[in-house]
Every structure is written in structure tokens, then in C-alpha cells.
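Working notes for the structure below.
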2 protein chains.
Amino acid sequence: MASLQSPPPFPLVLKLESITDLSPEERQALLGLPLRVQEFRADQDVVREGDRPIQCCLILEGFACRYKLTEKGKRQIFAFHTPGDIPDLQSLHLKTMDHSLGTLTPCKIAFIQHEHLRELFRQHPRLAEVFWRDTLIDAAIFREWMLGIGRRSARTRLAHLLCELFMRLKVIGLAGSNSIPLPLSQAEMGDALGLSTVHINRTLQELRGEDLVAWDGGILTILNWEGLMQAGEFDTTYLHLQDCAAA
Amino acid sequence: MASLQSPPPFPLVLKLESITDLSPEERQALLGLPLRVQEFRADQDVVREGDRPIQCCLILEGFACRYKLTEKGKRQIFAFHTPGDIPDLQSLHLKTMDHSLGTLTPCKIAFIQHEHLRELFRQHPRLAEVFWRDTLIDAAIFREWMLGIGRRSARTRLAHLLCELFMRLKVIGLAGSNSIPLPLSQAEMGDALGLSTVHINRTLQELRGEDLVAWDGGILTILNWEGLMQAGEFDTTYLHLQDCAAA
DNA sequence: CGCCTATTTGATCTGATTCAAACAATGTGG
DNA sequence: CCACATTGTTTGAATCAGATCAAATAGGCG
């Protein structure tokens, strides 16, 4: 009875409810946003450094990342993005993109006109705060990554990243009880952690050798969550999950 | 005739006008914010990781930084802050501090109740956008630092930092034509760039040896701006200075 | 002066990069 | 269904940028 199943959850609502509470009206307003949906293949740029977008991207399906290249062509990935994220929300207030957004896997992406977001914020001022909050969490994640890249060992950094991805995918309902899809190449992980592909490979083997995780066919399985958190010096505070109102 | 001089410019207005335009009413509203001013010595924490502030800090005088420590006690500095900055503006929307704010030099700091900022935003909704914009630029700087720490050489990173500090101090009127106060120890620069003190020392000598900069008595003099920008792969785009309206 | 902190220098070590090549998996077209 | 191309993973060896350790020098200042 396919016709009886409830509509698929709207990723944006799921994502925002992982960091705050939404009123029914707010939820309704988000559902009503006019979207233009577009499919992308893997490894395609969605927005490029230097662009001056008049719309924001909402990821509906797939993995994407934000990155920038060095003059020598080295890449640093700043963030991984998953369904429900609006990676270039900043373009609403910063006219020129200072970095690029690209897909990592095939993606379904919805475009929302700045115009419509501004109108949404006029109607629901608290939603503006929620989105502001979201960009602040974004920045908090940058800081945590900086701490890792600047001051932690390769092993700690990688373990930390895996912990983060597990947590983030969990709260948006994309994680199994102890596994997540991890459709990243080792080169991409290296670009995110400021390490070479070769070193990622060896470090990953280390974590697997200690039975902290398993990785097969794009699926990461957490074998020892406590151990992995410890190896990654992982503390969820910086993700600011739902601490808006409560303790 | 000291009594005839105009009042000292309010750093916050100066800072915000470096990234956007303000209407006379908005300027007036900012000037009217109730402040509680407090003096700090160097190397003191103003806000600490884990705190749940009910106010924001506005730096009036001095240098401060945001940082976090590794479990092994290593420090990563995320940002340097100068007069006009509100380094913990995020506490308005993220209840728990995920990092600390400390002084680097003696500082004069004004505290603004969250309450008063919220009221300000109610009266002047566009100011909320301006402050949001400011936190987005903050994040853009984090990304640029990440790119440096992750993918650039020590020499490039250091040159880049010096370029950034020069530009930022210039727009708030704290730079000479080719010099700025740089009251940082080499250890602090190291903590910001993810390098050891010793290596900062040698790298700094390199830049001085090439006559790109001079550094004496806490004053950094730019001897060759073009050369320094090139050495640092420096491009101001990420600072988003006043691109709000114009080109 | 003497104390404390910051800079500088030298020597040694190491985590991570680079280069190179093998190997595995996946997909493509004939 | 196989040959081939392509892309990602794995392994080994050599190298290097930057860390660490240790000690000397130089400022600032009560």
C-alpha cells in the first residue's frame, strides 16, 4: 500500500530540529519554501569561489563539501555536508563566495532564492535566529577542525572526524545503530584533515587494527565507540545539539 | 585645548563600518548601548570554555584571542581580536562556550547584556543582519586559517597572518601607513599557526632576511607589501570588506 | 642588580610527505 | 564475457619540514 505511507521527511526540518525546536507554523513555513531541484553527478562544483549567488543550496540527498585550493593546487576541505544542510547560507549576507561547494557523491540539491529566504525571515523572525545559529555551529565545527589540524596527531584527527560524522548523521536519521555511510575516498579525508592520502591509509589501518572501526564498501562500522571517542578526544559540546533551550 | 577635541571614535562603529554602511540612526543606537567597562591585565581569561554567558564582550582597547586546549595541553588560537570586535557574539545563540576568550595585552573590555542586544535588534532589524554578517566573516577567516594550517608552508602561513593583521588594523584606523602594533609573542603566533615557537622564530628571521618586514619593540613594519602578499598568497576577498553593497 | 620572560641558536629526532609501484575494484565498450 | 581503462587502496623506501630538547643570549623592570 505505497499510497498510504507518510511523505518522506523534509531533510531541512530534520536538520534544524537537531539543533533547535520548531513551532508547527515554522515547520509549515519551511515546507512551503519554493524550491528548484537539480541533480548533480559526483565531483561537480555547485557554487564556485568568486561567484555571487542569488540563491542558496539545500542538500536533499548525497554528500557535498566546501573547499578551497592553494596557489600550488593543494586542496583543503572545510566541511562535509549532508542532507538538510544549506552549505552556502552565508551567501545571503556575503555577496562574493570565498570558497567553492562541490559534490562528493551524486546529489539532489534544491535551490532557494535569497528573496524567498528573506521573506521567510520577515514572516518568521525567529527562523532567522535559527539559521544564524546554524551558521554559528558551522563556525564552531571549523574551530574544532582547526584545533585538530593545528595541534592534534593524525590518529586523533581521523578518529575525531569519524566520531563527528557518526554523530551528525545520527541526529538526521542517516545512521544505523553503529554504522554510517561513509562515501569518501581516502584522498578526500586527507584533504579535510590536512594529511596526505598515504598517511590517511596508514592511520586508518591503525584504527582498524585496534578494532575501533571497520570500513567496507563505503560503510563505516563503529566497533568501539568509547575507544574511538577517546582516541579522537571527542566531546560533542562544539556541535551544540539542541542545547538552545535546555541544559 | 583638550576640551575642544571630538569624542574618541567608538571602536564598534568603526569596525562595523569597515564591513558595511550604517545609517545615522543605527550609529546612534549603537552608541546608546548600555556598557559595563572593565579593565583586564594581559594573559587573563575573559570568558572560559563551558561558561554560559548572559552578556557579550566588546573590545575597546588591546588585543585578545580565542583559543582552545588539547587534552595534552597544546593550545590552538582561532582568532586574534582587536578594538571594535565582539569575539563572543555567538553566545547570543549558542548557550555554552565551546572555547575560551583571553587577553593578550592589557585590555579595556565592555560588557553588553544579551538582553540589550536583542532589544537593539528588535528596534533595528538590519543591525541583526550586520552582526550576523560579522559572524560570517569571522567564519570566513577561520576557513582561511584552516587552509593555511592544513595546506600551506610555515613561511606562507606567517606571511599571510602578517598581511591579515595589517589589513584588519588598517580598516579600523590602528595602522600606520606601513606599520602596525604587533604585541604578540612568537609563542602566541605559533599557537595561532599551528607551529612551534622555535620554528616561528626561524621563519620570522627568513621574512626579515628577505626585507619583507621588520619587527622591533612590538611594532611590525611592512618593508615590501607586494612581496609579503605574494609570500603569503594573500587575497583580501575572504575579509569581505565593504563588499556588501558595492562591487 | 637580579629576576623573569622572550628571543635566538644549535643539534637531533620524527611524523608525515613524497615518489614509485603493485594491487584491487569497478566500470566500459567491443 | 573478457580485455582494458580508470580510479582507489595498499605497500615500501627515501626524504623533509617542522618538532623537540637544551642551552645561550637579550630585554624589560621592580
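To find a chain, count down the sequence lines: A is the first, B the second, and so on, and within it residues start at 1.
- Put simply, CD1 on I200(B) is 15 Å from P on dT9(C), counting in whole angstrom units.
- Nucleic acid contact for S196(B): base, since at least one base atom lies under 4.0 Å from a heavy atom of the residue.
- R157(A) places its CZ atom 12 Å from the C1' atom of dT17(C), with the value rounded to the nearest Å.
- Within the nucleic acid shown, T197(B) has no heavy atom closer than 4.0 Å to any nucleic acid atom.
- With respect to R168(B) and D85(B), a salt bridge is recorded, a charged nitrogen being found less than 4.0 Å from a carboxylate O.
- Using cut-offs of 30° and 60° for the angle between ring planes, the F142(B) and F78(B) rings count as perpendicular.
- The phosphate of dT10(D) (OP1 or OP2) has a side-chain N or O of N201(A) nearer than 4.0 angstrom.
- Backbone-only contact: G194(A) has heavy atoms under 4.0 Å from sugar-phosphate atoms and none from a base.
- The distance between atom CD1 of I149(A) and atom C1' of dG15(C), rounded to the nearest whole Å, is 16 Å.
- Residue contacts for R208(B): at a heavy-atom cut-off of 4.0 Å it reaches the sugar-phosphate backbone alone, with no base atom in range.
- Checked against V46(A) for a side chain to side chain contact (heavy atoms under 4.5 Å, CB included), the options P53(A), C57(A), C107(A) give a single hit: C57(A).
- At whole-Å resolution of the value, CG in L204(A) and P in dT9(D) are 9 Å apart.
- Cation-pi geometry between R75(B) and Y67(B) is satisfied (NZ or CZ under 6.0 Å from the ring centre, within 45° of the ring normal).
- Looking at R202(A), its side chain comes within 3.5 Å of the base of dG12(D) through a donor and an acceptor atom.
- Between Q205(A) and dT9(D), a side-chain N or O to OP1/OP2 separation shorter than 4.0 Å is absent.
- Distance R75(A) CZ to dT17(C) P: 15 Å, rounded to the nearest Å.
- Of the candidates dG8(D), dT8(C), dA16(C), dT8(C) carries the atom nearest the Q186(B) side chain, counting heavy atoms from C-beta on.
- Distance check, rounded to the nearest 0.5 Å: CG of L69(B) to CD of Q76(B) gives 10.5 Å.
- Position along DNA chain C of the nearest nucleotide to D43(B) versus R151(B) favours D43(B) as the more 5'-ward residue.
- Taking 4.0 angstrom as the limit, K72(B) places none of its side-chain polar atoms (N or O) nearer than this to OP1 or OP2 of dA19(D).
- In the set dT11(D), dA6(C), dA16(C), the nucleotide with an atom closest to the side chain of V198(A) is dT11(D).
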